[in-house]
There are 2 protein chains.
Amino acid sequence: MDTARKRNTAREESLEVILHHAEQIFAEFGFKGATMQAIADASGLPKANLHYYFPTKLALYREVIERIFTIWLEAANSFDTSANPREALTRYIRKKMEISRAHPCGSKVWANEVIQGAPIIQDYLQTTLNEWTDTRIRVINRWVAEGKIATVDSRHLLYMIWATTQHYADFQHQVVTLNGGKRLNDAQWDAATKNVTEIILKGIGA
Amino acid sequence: MDTARKRNTAREESLEVILHHAEQIFAEFGFKGATMQAIADASGLPKANLHYYFPTKLALYREVIERIFTIWLEAANSFDTSANPREALTRYIRKKMEISRAHPCGSKVWANEVIQGAPIIQDYLQTTLNEWTDTRIRVINRWVAEGKIATVDSRHLLYMIWATTQHYADFQHQVVTLNGGKRLNDAQWDAATKNVTEIILKGIGA
DNA sequence: AAAACCTTTGACCATTTGGTCAGGTTGAGG
DNA sequence: CCTCAACCTGACCAAATGGTCAAAGGTTTT
């Protein structure tokens, strides 16, 4: 690590630290409830320093949302349109469950945003998400037409997958409370994933 | 409407108006994001008047949450433990979908609360919800033991039902956006309910 | 009619909070 | 060394907001 690199690296590290903690604070308190001071404290930086990297709270929030969206797209690609239904859906559900476990805060921020009418991400919903959904719906409809799965409304099937997998992130606190206050362990996550996958696959006759 | 009744009625009407609008504002902006001024404006009352009926913002919020919990319990009872799986689950899912349609804001406030770690309703989760869940899990397990449904983890089945039905309330904005910006009509709600019910019932071999 | 009580409201206050800024520090290049 | 640009930070400010209060307006009871 020499000369010119040092500064850039330090900058990236600061950005990373801030974004990471901002995600957690935004998830826990919502956009308005999260304060720059709280994010600063969590990041171990003075508040003014945050404003050096991100001019406004909204700008910081946007970046957080965009990172989440990137992760979300990663899962989206695991829905392999060329595979058969069993394979494609199994992989997709597993990936979504993994994301719920690895990035619960991101999922929570996204949920919060949608609940509040998606003031920031409206364009994502209308463009990227809408297009992605349309292509998958077409794929699922083809499966139905080819008799590979039962007659189901593909849109509602997608909603069911999203809802169920994201539940383990967004309602993490409720799930943990009903688990005696203990976070799910490896085996429990496995069981959850398996159950969700099996019920859905069986439910659509795949 | 004479004498002593008038005051009580007026009082109840004021309370109703405030609670109704508070629910919407809390759903749209979260606890911190909602302002007493905004709730007052929506209710057509001066802010000071809200504080006459509810000493603090938190007290108002608690009442809103409690109303939601009451509605939630109403659905809970529709899970008739004496019926057979097909009947019990069909009725329960339908009821939950109806609530999602009739009280989306209530569901959103609840979701927001849970996402943020349930600072207010923690006791509900640990007591009422926990007990309710336990009894239903026992019922479902009996169904499994009696061979009435396939071998599934009853807890995850419940989570799936909650997640899927509440998705139509909490993610209403996303659902509407992906529906071309139009709210679901009667037929679409019917289709959603039917699809959810069928996939789940078939998925557990009921 | 008048006392007692409930309800309404505009004006006000203390605190919180997003954002600014001037001055300081650090490290790269000459 | 010295200069310059990038980076950091304590102190500060204006606006927003939860909550208070005293006075006024109604309604019920005696």
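Computed from a predicted structure; not experimentally measured. By convention in this document, chain letters (A, B, ...) are assigned in the order of the sequence lines, proteins followed by strands, and residues within each chain are numbered from 1.
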TODO: Kindly say if R11(B) contacts the phosphate of dT7(C), meaning a side-chain N or O under 4.0 Å from OP1 or OP2.
DONE: yes
Open item on the list: Can you tell me how the ring of F69(A) sits relative to the ring of W110(A), calling it parallel under 30°, perpendicular over 60° and tilted otherwise?
Closed with: parallel
Task: Partner of Y53(A) under side chain to side chain contact (heavy atoms under 4.5 Å, CB included), chosen from V17(A), L45(A), L15(A) - done: L15(A)
Task: Separation of dG19(D) C1' from Y61(B) OH (nearest whole Å) - done: 20 Å
Open item on the list: Using whole Å, what does the distance between atom P of nucleotide dA11(C) and atom CD of Q37(B) come to?
Closed with: 13 Å
- [ ] Return the value, rounded to whole Å, for the distance between atom CE of M36(B) and atom C1' of dT16(C).
- [x] 17 Å
Open item on the list: Distance check needed: dT17(D) P versus I39(B) CD1, whole Å only.
Closed with: 12 Å
- [ ] Is it possible for you to check whether K57(A) lies under 6.0 Å from the centre of the six-membered ring of F26(A), through NZ or CZ, and within 45° of that ring's axis?
- [x] no
TODO: Please confirm whether the backbone N or O of S107(B) pairs with a side-chain atom of Q166(B), one donor and one acceptor, at under 3.5 Å?
DONE: no
Open item on the list: Under a 3.5 Å cutoff, is there a donor and acceptor pairing between the side chains of Q116(B) and H173(A)?
Closed with: no
- [ ] List in numerical order all residues of residues 43-59 of chain A for which some heavy atom is under 4.0 Å away from an atom belonging to DNA chain C.
- [x] K47(A), A48(A), H51(A), T56(A), K57(A)
TODO: Considering only NZ, NE, NH1 and NH2 on the basic side and carboxylate oxygens on the acidic side, decide whether R67(B) and E63(B) come within less than 4.0 Å.
DONE: no
TODO: Round to a whole Å and report the spacing from CD of E12(B) to C1' of dT7(C).
DONE: 15 Å
Task: Donor + acceptor pair across side chains of Q174(B), Y159(A) (<3.5 Å) - done: no
Task: DNA chain C contacts among residues 15-35 of chain B, heavy-atom distance under 4.0 Å - done: K32(B)
Task: A150(A) to K202(B) - nearest heavy-atom pair and separation - done: CB-NZ, 3.4 Å
